[in-house]
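Notes for the one structure printed next.
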2 protein chains.
Amino acid sequence: MTPNLFADLTAELPSELTQTLAAGPGVRVERIVSHGHASPPGFWYDQDEAEWVVVVRGAARLRFEDGSVELRAGDHVTIPARRRHRVEWTTPDEPTVWLAVFFPASE
Amino acid sequence: MTPNLFADLTAELPSELTQTLAAGPGVRVERIVSHGHASPPGFWYDQDEAEWVVVVRGAARLRFEDGSVELRAGDHVTIPARRRHRVEWTTPDEPTVWLAVFFPASE
């Protein structure tokens, strides 16, 4: 059975769900499922790694310290290491499926 | 303007189209668009890197030396380094959009 990004999307999701789909030295591919979730108030991600992230299904808004970006299906963004960001909103209408690739920052 | 995986999907595509969306030391995230394309007869990919690949839109069939796997939207597969494989088929009905993450093989 081939694994699928859209498998097991339950209607009820008490908190964001993160699964590692593939990993190698310094690299991680994650599926993240949100359903109306946002980062806790005042919380910012501040990561050692760079992150490339795409919304595969659903809709979301990422906030950076200098602005925000709306993401619809297919929209993707690269977040350099140390660029503080938070998930400000995900649609309550359906599960939002993200793919995130974490990788070492460039020298 | 946020880049989108489904942008610039032209009906006419003389050959497979590959674009690097993000990269870091040892890591590459690529978008590949196929439209009825397959690997040339007798050609096998035989890579130093591991690859995680997902079909985001469309349909495809990957062949390995010991079998093949059909991929529909959302299906994903990890291909270890040195595992020979080829694209046996992609649907002629619409563009097939792949995301591929290339990363170092585990020690």
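Quantities reported herein were computed from a predicted structural model and do not represent experimental measurements. Below, chain A is the first sequence line, B the second, and so on; all start at residue 1.
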Query raised in the report: Which atoms of A:Ala23 come close to chain B, meaning under 4.5 Å heavy atom to heavy atom: side chain ones, backbone ones, both, or neither?
Result: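 Answer is backbone: N, CA, C or O of A:Ala23 sit under 4.5 Å from chain B.
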
Query - Part of A:Val29 lying under 4.5 Å from any heavy atom of chain B - result: side chain

Query raised in the report: More than 12 non-hydrogen atoms from neighbouring residues, nucleotides or ligands closer than 6.0 Å to CG on A:Asp8, yes or no?
Result: no

Query raised in the report: Hey, are the side chains of B:Leu99 and A:Trp52 touching, using non-hydrogen atoms and a 4.5 Å cut-off?
Result: yes

According to a 4.5 Å side-chain heavy-atom criterion applied to Ile, Leu, Val, Met, Phe, Trp and Tyr, with indirect links allowed, do [X] and [Y] form part of one hydrophobic cluster?
X       : Y       : value
A:Val55 : B:Leu9  : no
B:Val53 : B:Val87 : yes
A:Leu13 : A:Val56 : yes
B:Val77 : B:Ile32 : yes
B:Trp98 : B:Ile79 : yes

Might you point out which heavy atoms bring [X] and [Y] nearest each other, and give the distance in Å?
X        : Y        : answer
A:Pro104 : B:Pro25  : O-CD, 3.3 Å
A:Ala73  : B:Asn4   : O-ND2, 3.0 Å
A:Gly24  : B:Ser106 : CA-OG, 4.4 Å
B:Ala22  : A:Phe103 : CB-CZ, 4.3 Å

Query raised in the report: What part of B:Thr2 gets closer than 4.5 Å to chain A, counting heavy atoms only: side chain, backbone, both or neither?
Result: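 Contact with chain A involves both backbone and side-chain atoms of B:Thr2.
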
Requested in this report: Give, as side chain, backbone, both or neither, the part of B:Leu71 having an atom under 4.5 angstrom from any heavy atom of chain A.
Outcome: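 Contact with chain A is through the side chain of B:Leu71 alone.
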
Report summary line: Counting heavy-atom pairs under 4.5 angstrom with chain A, the leader among B:Arg57, B:Glu70, B:Arg72, B:His76 is B:His76

Report task. Find the one option among B:Val54, B:Leu21, B:Thr78, B:Val97 whose heavy-atom pairs under 4.5 Å with chain A are most numerous. Result ->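 That would be B:Leu21.
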
